[in-house]
Amino acid sequence: MVAERYNAPEREKHWRKTWDDEEVYKVEENESRPKHYVLEMFPYPSGRIHMGHVRNYSMGDVVARYKRAKGYNVLHPMGWDSFGMPAENAALQSGVHPKDSTYAHIATMREQLKEMGLSLDWSRELATSDPEYYEQQQRLFIDFLQKGLVYHKKSKVNWDPVDHTVLANEQVIDGKGWRSGAPVEQRELDQWFLKITEYAEDLLSALDRLERWPDKVRLMQRNWIGRSEGLLMQFALEGGALPKEHEKLEVFTTRPDTIFGMSFCAISPDHPLAKQLAVEDEGLSAFIKETHQMGTSEEDIERAEKRGYDTGLKAVHPFRKTTKVPVYVANFVLMQYGTGAIFGCPAHDQRDLDFARKYKLPVKAVVVPEGEDPKDFTVGDEAYTGPGGIANSSFLDGMGVDEAKNEVATRMEKRGEGQRKINYRLRDWGISRQRYWGCPIPIIHCETCGVVPAEDLPVRLPEDVTFDKPGNPLDRHPTFKHVDCPKCGAPARRETDTMDTFVDSSWYFARFCSPHAKTPVDRKAVDYWLPVDQYIGGVEHAILHLLYSRFFMRAMTDTGHVDIDEPFAGLFTQGMVIHETYRDKNGQWINPDDISFQGEGRERKAILAKSGEPVTIGPPEKMSKSKKNTVDPVDFIANFGADTARWFVLSDSPPERDVAWSDEGVQGSWRMVQRLWRLIDEAAEKGAEKGAKRPAEFSGSATELRRTFHKGLHWVSHNIETLRFNTAIATIYDLANKLGSALQGQKNDKDPSLEWALRESAEIMTQMFAPIMPHLAEECWARLGYNSLIVKQPWPEAEQALLVDDQITIAVQINGKRRDELQITRNASKADIEAAALDLEGVKRALEGREIKKIIVVPQRIVNVVA
RNA sequence: GCCCAGGUGGCGGAAUUGGUAGACGCGCUAGCUUCAGGUGCUAGUGCUCGUAUGGGCGUGGAGGUUCGAGUCCUCUCCUGGGCACCA
């Protein structure tokens, strides 16, 4: 009678083979069915999957399986973001060719992913390093080029003078190369750019329509694009012998309304005027050098105080010619933004205020908050940036901020000394990488024809390269670089830079729709599948990857490949898997396997198992090898099965938050697997036969069980729809408890309607956990007598009549405190509820000797007696 | 410095969106089952006063709105995360 222990690893293998044999996850376009495209961010093939992958892909798989059961034609593909620096770095260190290591890693990880039992259509698998993939990417590049969305220009890179190589920002540590340790130089190289700024306005405004994106991500993108409306203004400069091009200083401001509060102007140390002046001014030259030593990191900037160097020049106020203000070179003015020059109004900008206090410049308030007297409103240590009325400002007096902005802009434009401008922080996307392991840029540089697109695509990465010398192997390859111009036939030079790997990931989701097409995408396929309905991945890609993909869809629309702006209709950013950390007395990280634990709760202590030395238990942190707090999913699955792992990573925390891996928690999941198996087994035994006729009437206990399960089903469905897997799981636990009780209670007397309800509940239960624990669900489904696969079953429908109770419990409060509760029919009248409430023992006791002032009755909700 | 997200039992968290705070899981306590080595079942488990019926206090803190606040408003403290001194 009692079932054998469920042998998860063994049964899971069996069910995976069955799914494979029946090709249950293979999909094709089918216009007659609604589609649903579920995608998780594809992995970089690092060699092994980690728990983060397990969590990410479990979430997507639950959605995919649920939607499939709901009748959708579900696209759920997987691929590899397989170009990139790690493989090339490994080649530098160990000499293994990037191609060899990459494809070996892919082979391993593919098998590991398969062991998770994901419902993926593997026939659509792709790797961005496949020539079939990057050939199409090169086509897109050329199409973009011809559409004017690609250009090249000189741009700065980090140059390692020892390794003779270009460094990514993350390879520059404290201004030094990560391998050589040599101070990094800035070099200008000719580089390719994609015109993402062309779409700045649309990328910004369309964010409002991405309703199924987290607000947080939309905000980050908004800030990244950084739109600001302002005014370009020209100031006349005086003092010193100025060359013609610098007689006027052009600044950008978003606050032209504060022009009468101006007390200085400041230019960036990189401003041409600053450079020019520095030639004759040693002090300035030294100051500029100093500002360059200041780091650009957040921390450096935060610590740095606002500093300036007085150039001796004066800027003339445009509306009050007698007012002339000093012009500084200042460390807080950035050349990349606006014109690299500002006018400072200390009263209404914190940075300007800090600067003015330091250099004892006047601080004059010109915007006065409502209710303040303009005569005695002053600014202390905090600039006033809020709304208000303009004062002390000649013709602007009495206007509001917006009105004044407008007035100044109009007057400046009329005089030809100003121009309204919308400025973006977003810059064009530099995609040139001076590396081997990436998609070759399909360009040939010819002395006579200029830039010529390569013909004969793909431009293949040559495989006969070595990594024994620093620099890009493509650059020194015997035949790759030197080619004839496709146009004129003269000797020419092939571009040896490759593309940023963010390009690869900017359109892979589109390629999945038709992974083997001879064009970048098959129009029919993308029209059917796109956009991705649910995209799931880490928040670390909130800005770049997602913004680039949004740009790509627009660019691909403008080049006729697709007709869609937004690639991801729904986005979800999941939290990490974290784990406790342990260190010994010397601060060395300790592997959990070497530790034994003593005590519980706050008393819990850890010691080294071998020596008994104390170990400090640290807070849970992101799993990483260096901290020795990783748990290998492959090992885990081999022991407990994929279902236990999938269940656990979704159960303990809300999906957007981090989840702490703990052995105790995992044990709980493992027990649940076994428990569900026993429950279904017992229900199959004690419940009605498969396909038994539905009873005409249900007993009280049968109805109660059915209500519980149909309500539970309703709630679990809702929780999966809204990706709240942890609450779905909590409900399933609850239902398991209820089913267990019902099975116990059923022992005594014969009740056919309860038997029917037990089977119904067991079936609903199995179908509910099927998206999360698909293998166990198949096993249970078979135990329930079915020859069919549960993966092919439609999602059960809750019976509406069972979702509302006739008898309900409502709380009765006295002065807002609960004193008793009331059982009453659902549609009882207010008067009936009131009468019944006042008749309760607990209410009478609490009311004793008090006078009832008021009774609030909210039918079906609550009664509150005010006394 | 700016922006964002959070603070609920010993822990992870729930509260279907203003209506019984603490569901569910973990842990713990007691008991049962010849159960022996990651087992199952039953009961209990916010704090506190009380033998108990029962009472008081409780969602970081202080105010406020409301018949009623974990949920809304104001101020404040703390913890994470992000960033671009963006004029």
Side-chain angles (χ1 to χ4, degrees), chain A residues 2 5 214-216 219-220 223-224 226-228 230-231 251-256 258 266 296-298 301-304 306 330-334 336-345 348-352 354-355 423-425 539-540 542-543 600-604 620 648 651-654 656-660 662-672 674-675 678 711 714-715 718-719 722 724 726-727 729-737 740 744 809-822 842 845-846 853-858 860-867:
Chain A
V2 174
R5 228 171 145 72
D215 290 341
K216 183 187 176 180
L219 184 68
M220 285 166 86
N223 292 338
W224 188 262
R227 180 187 200 270
S228 53
L231 182 67
V251 306
F252 177 70
T253 179
T254 55
R255 293 300 301 273
T258 63
T296 49
S297 83
E298 174 66 17
I301 286 161
E302 197 171 321
R303 283 201 192 124
K306 277 140 199 70
N331 63 350
F332 65 95
V333 180
L334 301 178
Q336 304 99 299
Y337 194 82
T339 60
I342 63 156
F343 80 74
C345 176
H348 306 294
D349 183 291
Q350 192 59 48
R351 292 156 301 165
D352 295 350
D354 294 345
F355 189 82
N423 203 32
Y424 297 93
R425 178 192 169 274
V539 72
E540 66 271 20
I543 298 174
E600 304 292 343
R602 280 187 180 164
E603 302 298 305
R604 185 161 164 268
F648 177 75
S651 68
D652 248 25
S653 295
E656 70 279 7
R657 269 192 241 173
D658 293 348
V659 63
S662 77
D663 289 340
E664 293 81 7
V666 165
Q667 288 301 329
S669 300
W670 170 242
R671 283 197 297 267
M672 183 59 169
Q674 298 298 340
R675 186 160 160 236
R678 283 195 310 271
K711 278 189 214 161
H714 184 71
W715 185 229
H718 177 71
N719 287 152
T722 52
R724 292 162 65 218
N726 58 320
T727 52
I729 285 174
T731 307
I732 294 173
Y733 269 112
D734 204 16
L735 292 171
N737 293 341
Q744 294 257 307
T809 308
I810 58 181
V812 181
Q813 302 177 331
I814 313 290
N815 293 335
K817 292 200 170 158
R818 194 191 74 94
R819 294 297 167 178
D820 212 331
E821 54 185 38
L822 178 65
R845 194 184 323 116
K853 293 182 184 136
K854 193 176 175 187
I855 303 180
I856 288 112
V857 178
V858 184
Q860 299 174 31
R861 289 264 180 204
I862 207 159
V863 177
N864 191 10
V865 182
V866 186

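Throughout, protein chains are lettered first and strands after them, A, B, ... in sequence-line order, and every chain is numbered starting at 1.
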Of the nucleotides [options], which has the atom closest to the [X] side chain?
{"X": "A/R671", "options": "B/A14, B/G40, B/U20", "value": "B/G40"}
{"X": "A/N331", "options": "B/U20, B/C85, B/U16", "value": "B/C85"}
{"X": "A/K817", "options": "B/G27, B/C57, B/U16", "value": "B/C57"}
{"X": "A/R724", "options": "B/C24, B/A15, B/C26", "value": "B/A15"}
{"X": "A/V858", "options": "B/A14, B/C67, B/G19", "value": "B/G19"}
{"X": "A/N864", "options": "B/G19, B/C26, B/C85", "value": "B/G19"}
{"X": "A/E821", "options": "B/U16, B/G19, B/U20", "value": "B/U20"}
{"X": "A/S653", "options": "B/A87, B/G12, B/A14", "value": "B/G12"}
{"X": "A/L334", "options": "B/C24, B/C86, B/A14", "value": "B/C86"}
{"X": "A/A730", "options": "B/G12, B/C4, B/C24", "value": "B/C24"}

Would you say a side-chain N or O of [X] is under 4.0 Å from OP1 or OP2 of [N]?
{"X": "A/R678", "N": "B/U39", "value": "no"}
{"X": "A/K854", "N": "B/G68", "value": "no"}
{"X": "A/T731", "N": "B/A23", "value": "no"}

Atom NE2 in A/H718, atom OG1 in A/T727: separation rounded to 0.5 Å?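 Atom-to-atom, A/H718:NE2 and A/T727:OG1 are 8.0 Å apart.
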Can you tell me how far apart SG (A/C345) and CG (A/D352) are? Round to the nearest 0.5 Å.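 CG of A/D352 is found 7.0 Å from SG of A/C345.
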Using the P atom on both, measure B/G7 against B/C73 and round to a whole Å.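 14 Å, rounded to whole Å.
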Using the C1' atom as the reference point in each nucleotide, state the distance between B/C86 and B/C11 in Å, no decimals.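 Their C1' atoms lie roughly 44 Å apart.
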In whole angstroms, how far is the [atom2] atom of [N] from the [atom1] atom of [X]?
{"X": "A/N726", "N": "B/G25", "atom1": "CG", "atom2": "P", "result": "14 Å"}
{"X": "A/M220", "N": "B/C83", "atom1": "CE", "atom2": "P", "result": "6 Å"}
{"X": "A/R657", "N": "B/G6", "atom1": "CZ", "atom2": "P", "result": "8 Å"}
{"X": "A/L219", "N": "B/G81", "atom1": "CG", "atom2": "C1'", "result": "13 Å"}
{"X": "A/F332", "N": "B/A87", "atom1": "CZ", "atom2": "P", "result": "13 Å"}
{"X": "A/I729", "N": "B/G25", "atom1": "CD1", "atom2": "P", "result": "12 Å"}
{"X": "A/I862", "N": "B/U66", "atom1": "CD1", "atom2": "C1'", "result": "13 Å"}

Identity of whatever pairs with [N] - Watson-Crick or G-U, under 3.5 angstrom:
{"N": "B/G9", "value": "none"}
{"N": "B/U16", "value": "none"}
{"N": "B/U59", "value": "none"}
{"N": "B/C86", "value": "none"}
{"N": "B/U53", "value": "none"}
{"N": "B/A23", "value": "none"}
{"N": "B/C35", "value": "none"}

Base, sugar-phosphate, or nothing for [X], non-hydrogen atoms under 4.0 angstrom?
{"X": "A/F252", "answer": "base"}
{"X": "A/N737", "answer": "sugar-phosphate"}
{"X": "A/V539", "answer": "nothing"}
{"X": "A/K853", "answer": "nothing"}
{"X": "A/G668", "answer": "sugar-phosphate"}
{"X": "A/W224", "answer": "base"}

Under 3.5 Å: donor-acceptor pair, side chain of A/D820, backbone of A/V812: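 Not confirmed, A/D820 side chain does not pair with A/V812 backbone.
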Let me spell it out: for each of A/R845 and A/D663, pick the nucleotide of RNA chain B with the closest heavy atom. Which residue's pick is nearer the 5' end?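 The residue closer to the strand's 5' end, by nearest nucleotide, is A/D663.
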Taking for each residue the nucleotide of RNA chain B with the nearest heavy atom, is it A/R819 or A/Q813 whose nucleotide lies nearer the 5' end?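 Whichever sits nearer the 5' end wins; that is A/Q813.
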Anti/syn call for B/G9, syn if |chi| within 90°: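 This nucleotide is in syn.
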Nearest heavy-atom neighbours spanning A/A811 and A/R818: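 Minimum heavy-atom separation between A/A811 and A/R818: CB-CG, 4.1 Å.
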